[in-house]
Amino acid sequence: MKSMSGGEKSVVCVGKVLIGGDNPLAIIAGPCAVEGEQMLRDTVRPVIQSGAHMIRGGAFKPRTSPYSFQGLGVKGLKILNRIGREMGVPVVTEVMDSGDVELVAEYADVLQVGARNMQNFSLLKRLGRINKPIILKRGMAATIEEWLMAAEHIMVGGNEQVILCERGIRTHEQWTRNTLDLSAVAVVKNVSSLPVIVDPSHATGHTHLVAPMAKAAVAAGADGLMIEVHLCPEKAVSDGQQSLTPRQFSSMIAEISRVAAAVGRCCQ
Ligand code: PEP
Ligand code: MN
């Protein structure tokens with residue numbers, strides 16, 4: 001199996017950003033969804049100044065309810081791409097359908113497979129045939145083995161640029177949106193060569209829990225973080241309750257740098 005090695009670590013390159021191995025923590029930040037051009041620009045500019053290396057924003061949104069905002073689609077991809085080029089940073093966005101892979105790959109530097117699609121095998125197979133890094137989120141009810149096997153489905157096709165993302169699993173607990181499984185980070189680091197990042201926003205569902213869990217993720221050995229940030233969380237069309245303001249993001253980065261330094265990890 002391609003990813004099964006606790007020895008030599010794979011490093012995924014996204015432009016100038018290197019993820020995994022001994023590289024500095026990779027920070028991906030941005031709104032849950034691309035809502036509009038000016039809003040995205042105003043959100044990500046301070047976030048990049050505070051230390052984010054890549055920006056995120058969903059154009060195709062996997063919403064629980066079909067009546068919720070589904071994303072701006074191609075218009076959202078174009079906005080995200082434009083802002084990324086303008087700011088000089090790579091962009092990450094979700095692809096939900098195997099038929100959209102080519103389209104999304106035209107605009108995004110990294111393609112994200114969401115938790116709900118972790119075992120969408122035709123999507124994984126299609127992603128195995130492109131030459132772009134993939135962030136593979138852990139399914140909300142997936143075991144670590146199933147998650148690693150989903151990564152294999154991409155890698156056997158020839159695309160070995162896979163980054164795993166722990167985003168919490170569903171448990172009986174109601175005080176958090178999901179339960180962040182940080183032991184999965186340690187397990188994956190031990191058995192797999194793949195980089196692993198953590199998304200404390202979807203894992204916890206609450207703004208005040210994001211920084212503590214981000215720090216814990218860094219201490220547990222995560223190679224990076226994915227954080228939802230919104231200029232005005234109370235007005236966000238999706239996931240405002242778990243989004244940080246750019247100011248909260250900036251203070252979180254300061255706290256994370258101290259934890260990173262304490263565990264011997266560089267945070268640029
Ligand atoms: C997201 O990152 O926008 C998202 C929908 O996350 P998840 O697939 O982890 O729920
Ligand atoms: Mn979200």
Side-chain angles (χ1 to χ4, degrees), residues 3-12 17-29 51-54 56 92 110 112-113 115 118 133-148 150-151 162-171 173 175-229 242 244 248-249 251-268:
S3 69
M4 294 295 185
S5 140
E8 185 85 356
K9 296 294 178 193
S10 25
V11 173
V12 175
V17 186
L18 305 178
I19 306 164
D22 295 327
N23 290 293
L25 278 180
I27 312 284
I28 305 164
H53 308 101
M54 285 189 245
R56 62 151 286 151
V92 181
V110 180
Q112 174 176 320
V113 177
M118 189 204 83
I134 311 296
I135 288 180
L136 178 64
K137 288 194 142 192
R138 182 179 180 184
M140 51 187 93
T143 64
I144 296 172
E145 181 73 13
E146 287 163 342
W147 186 25
L148 292 172
V162 178
I163 301 158
L164 298 167
C165 179
E166 162 63 37
R167 46 77 71 205
I169 48 173
R170 180 154 296 169
T171 69
E173 184 50 62
W175 282 68
T176 51
R177 181 174 179 179
N178 292 288
T179 295
L180 179 58
D181 181 10
L182 284 183
S183 57
V185 173
V187 170
V188 166
K189 298 288 287 187
N190 185 44
V191 301
S192 168
S193 61
L194 298 175
V196 57
I197 65 171
V198 169
D199 169 356
S201 307
H202 291 90
T204 64
H206 299 279
T207 301
H208 73 282
L209 298 175
V210 172
M213 292 301 98
K215 286 187 279 181
V218 172
D223 296 301
L225 296 167
M226 179 184 272
I227 310 283
E228 282 188 344
V229 184
Q242 68 192 32
L244 306 185
Q248 287 169 325
F249 176 79
S251 39
M252 184 199 71
I253 292 291
E255 292 177 45
I256 283 172
S257 320
R258 289 196 286 275
V259 175
V263 297
R265 185 113 201 187
C266 178
C267 180
Q268 266 176 4

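From a predicted model like this one, the values you see are computed outputs, not experimental measurements.
Distance check, rounded to the nearest 0.5 Å: CG of L194 to NZ of K189 gives 10.0 Å. Residue R170 holds its CZ atom at 9.0 Å from CZ of R177, rounded to the nearest 0.5 Å. Taken from CG in L18 to CG in D223, the straight-line distance is 11.5 Å, to the nearest 0.5 Å. The distance from atom CD of Q242 to atom CD of E228, rounded to the nearest 0.5 Å, is 4.5 Å. In this structure, CD1 in I197 is found 4.0 Å from CD1 in I135, a value given to the nearest 0.5 Å. To the nearest 0.5 Å, the span separating CD on Q112 from CZ on R56 amounts to 5.5 Å.
Taking all atoms of both residues into account, the shortest heavy-atom contact from A26 to I19 is CB-CG1, 3.7 Å. Here the shortest heavy-atom pairing between I256 and C267 reads CG2-SG, 4.3 Å. Scanning all heavy atoms of the two residues, the minimum distance from A142 to I169 falls at O-CG2, 4.2 Å. Contact record, H202 with N178: O-ND2, 2.9 Å, taken as the closest heavy-atom pair. What you find for M118 and L136 is that their closest heavy atoms are CG-CD1, 4.0 Å.
At least one side-chain heavy atom of F249 sits under 4.5 Å from a side-chain heavy atom of I27. In this structure the side chain of P195 never reaches within 4.5 angstrom of the side chain of V11, judged on heavy atoms. Within the 4.5 Å cutoff, no side-chain heavy atoms of I28 are placed close to those of V110. A 4.5 Å side-chain heavy-atom check between R167 and M140 finds at least one atom pair inside the cut-off.
Looking at T176, its side chain never comes within 3.5 Å of a backbone N or O of T179 through a donor-acceptor pair. Looking at S10, its side chain does come within 3.5 Å of a backbone N or O of S193 through a donor-acceptor pair.
Residue V185 is tested with V187, V188, L182 for a side-chain contact (heavy atoms from CB on, under 4.5 Å); the sole match is L182.
In this structure, S257 has no side-chain hydrogen bond (donor to acceptor under 3.5 Å, both in side chains) partners at least two apart in sequence or on a different chain. Remark: D199 pairs with K137 by the salt bridge (Lys or Arg N to Asp or Glu O under 4.0 Å) rule, at least two apart or across chains.
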List the steps, then state whether side chain to side chain contact (heavy atoms under 4.5 Å, CB included) holds for V191 with I144. CA-CA 10 Å; V191 301; I144 296 172; 5.6 Å; no
Decide side chain to side chain contact (heavy atoms under 4.5 Å, CB included) for M54 and M226; before the verdict, give the C-alpha distance in whole Å, the side-chain angles of both, and the deciding distance to 0.1 Å. CA-CA 9 Å; M54 285 189 245; M226 179 184 272; over 6 Å; no
Test L164 against L148 for side chain to side chain contact (heavy atoms under 4.5 Å, CB included), laying out the working first. CA-CA 8 Å; L164 298 167; L148 292 172; 3.8 Å; yes
In sequence, state the C-alpha distance, the side-chain angles, and the governing distance for L180 and E166, and then conclude on side chain to side chain contact (heavy atoms under 4.5 Å, CB included). CA-CA 7 Å; L180 179 58; E166 162 63 37; 3.7 Å; yes
Check step by step if salt bridge (charged side-chain N to carboxylate O under 4.0 Å, His left out) holds for K9 and D22. CA-CA 9 Å; K9 296 294 178 193; D22 295 327; over 6 Å; no
Under 3.5 Å, which donor-acceptor pairs link side chains of residues 211-219 to any protein atom two or more places apart or in another chain?
| unit_1 | atom_1 | unit_2 | atom_2 | d |
| --- | --- | --- | --- | --- |
| K215 | NZ | E255 | OE1 | 2.5 |

